[in-house]
Amino acid sequence: PSLPLPLQVCFIGRSNVGKSSLIRALFSLAPEVEVRVSKTPGHTKKMNFFKVGKYFTLVDMPGYGYRAPQDFVEMVEAYLQERHNLKRTFLLVDGVVGLQKTDHIAVEMLEEFGIPYVMVLTKIDRASRGLLLKNVLEIQEFVKENTQGCFPQLFLVSSVEFSGVHLLRCFVAHVTGNLPTVEA
Ligand code: GDP
């Protein structure tokens, strides 16, 4: 029998959404996971694969931006169609600006391919409580009305203050089968 494929999770989002910062925060205590945060935002053009020990591989997708969806769809579509071992996709949404048109396009693509995904609201330390509430309610409404494959629980994170990072880390461990329930 062939070796089982390593499980994967993938992170996608608009350029500058805080994807590199979040990946770095998630693996801050796993020094073998080396994440470069680009100095020139919007210039991550290729997919990065971070191997997290023998446990799983984190796939960092190119950020979609001004020229999305063409660039993004072309680069990512093939991967998403082949994703036999992709356990979950994390779609990052900027907590300050909320859901944008390009996010809707990413959602449509994930829905079309039937890929299970989770939304993560980033930079929550930068949004006022009122703005954060508005953006959260908007996303919850959108998810309820327009999605099938989106996990109903939105994750709120700040990579600067590390809020929500621990919970997200546990969730990643869970979906990759690294948080087994104790057997009696
Ligand atoms: P990427 O293009 O999605 O990889 O985004 P980066 O991780 O490079 O972040 C884009 C910008 O947002 C940088 O200036 C980061 O310092 C900033 N940033 C990222 N995450 C946070 C956060 O949680 N809080 C705040 N205040 N700034 C953040």
Side-chain angles (χ1 to χ4, degrees), residues 8-52 56-77 79-80 86 88-110 115 117-140 150-151 153-172:
Q8 297 187 348
V9 290
C10 102
F11 279 60
I12 67 174
R14 300 191 315 125
S15 349
N16 220 32
V17 73
K19 187 155 54 64
S20 325
S21 304
L22 179 60
I23 294 171
R24 216 170 35 170
L26 280 169
F27 299 100
S28 55
L29 299 176
E32 72 275 16
V33 183
E34 215 184 286
V35 184
R36 279 167 292 116
V37 174
S38 139
K39 294 248 179 333
T40 43
H43 285 256
T44 314
K45 289 288 183 206
K46 54 181 178 51
M47 289 166 56
N48 289 311
F49 291 79
F50 301 109
K51 221 166 168 304
V52 183
F56 62 93
T57 300
L58 187 150
V59 185
D60 180 16
M61 292 294 185
Y64 46 96
Y66 309 107
R67 304 217 298 126
Q70 283 74 17
D71 274 5
F72 180 73
V73 169
E74 273 167 31
M75 270 190 244
V76 170
E77 216 170 38
Y79 168 79
L80 289 180
L86 176 60
R88 200 68 50 117
T89 293
F90 294 82
L91 173 58
L92 276 50
V93 175
D94 194 311
V96 179
V97 300
L99 267 184
Q100 302 286 298
K101 205 175 211 151
T102 41
D103 298 320
H104 291 210
I105 291 162
V107 165
E108 274 166 31
M109 188 168 68
L110 294 168
I115 290 170
Y117 60 102
V118 183
M119 282 204 204
V120 179
L121 202 63
T122 63
K123 308 185 190 177
I124 62 163
D125 62 287
R126 270 187 52 196
S128 68
R129 283 179 168 249
L131 181 60
L132 200 54
L133 184 61
K134 173 182 162 289
N135 288 336
V136 167
L137 291 173
E138 230 167 64
I139 291 172
Q140 285 178 334
C150 187
F151 192 65
Q153 174 67 57
L154 175 67
F155 287 87
L156 275 61
V157 298
S158 161
S159 305
V160 169
E161 296 179 344
F162 281 82
S163 37
V165 169
H166 187 68
L167 185 59
L168 189 60
R169 202 181 274 151
C170 288
F171 189 77
V172 171

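Just so you know, ligand 1 is whichever comes first in the structure, and atom 1 is the first atom listed for that ligand.
In this structure, Phe171 and Phe90 have perpendicular ring planes: the angle between them is above 60°, well past the 30° mark. Using a 30° and 60° split on the angle between ring planes, Phe56 and Phe27 fall in the tilted class, from 30° to 60°.
Here the closest heavy-atom approach between residue Asp94 and residue Asn16 is recorded as OD2-O, 4.1 Å.
Between Lys19 and ligand 1, an N or O atom pair is found at a separation short of 3.5 Å. The N/O atoms of Val157, backbone and side chain alike, include none that comes under 3.5 Å of an N/O atom in ligand 1. Looking at Ser15 next to ligand 1, no N or O pair under 3.5 Å apart turns up. Close N/O approach between Ile124 and ligand 1 is not found [any backbone or side-chain N/O within under 3.5 Å].
Under the 3.5 Å distance criterion, the side-chain polar atoms of Ser15 are matched with a main-chain donor or acceptor of Tyr64.
The shortest distance between side-chain heavy atoms of Met119 and Cys150 falls below 4.5 Å.
Of all the heavy atoms of Asp125, the ones lying under 4.0 Å from any atom of ligand 1 belong exclusively to the side chain. The backbone and the side chain of Lys123 each have at least one atom closer than 4.0 Å to an atom of ligand 1 (non-hydrogen atoms only).
Close contacts of ligand 1 with Ser158, meaning ligand atoms under 4.0 Å from a residue heavy atom, involve 23 (O).
Under a 4.0 angstrom heavy-atom cut-off, Asn16 registers as being in contact with ligand 1.
Counted within 6.0 Å of NE2 on His166, heavy atoms from surrounding residues, nucleotides or ligands total 12 or fewer; the atom is thus considered open.
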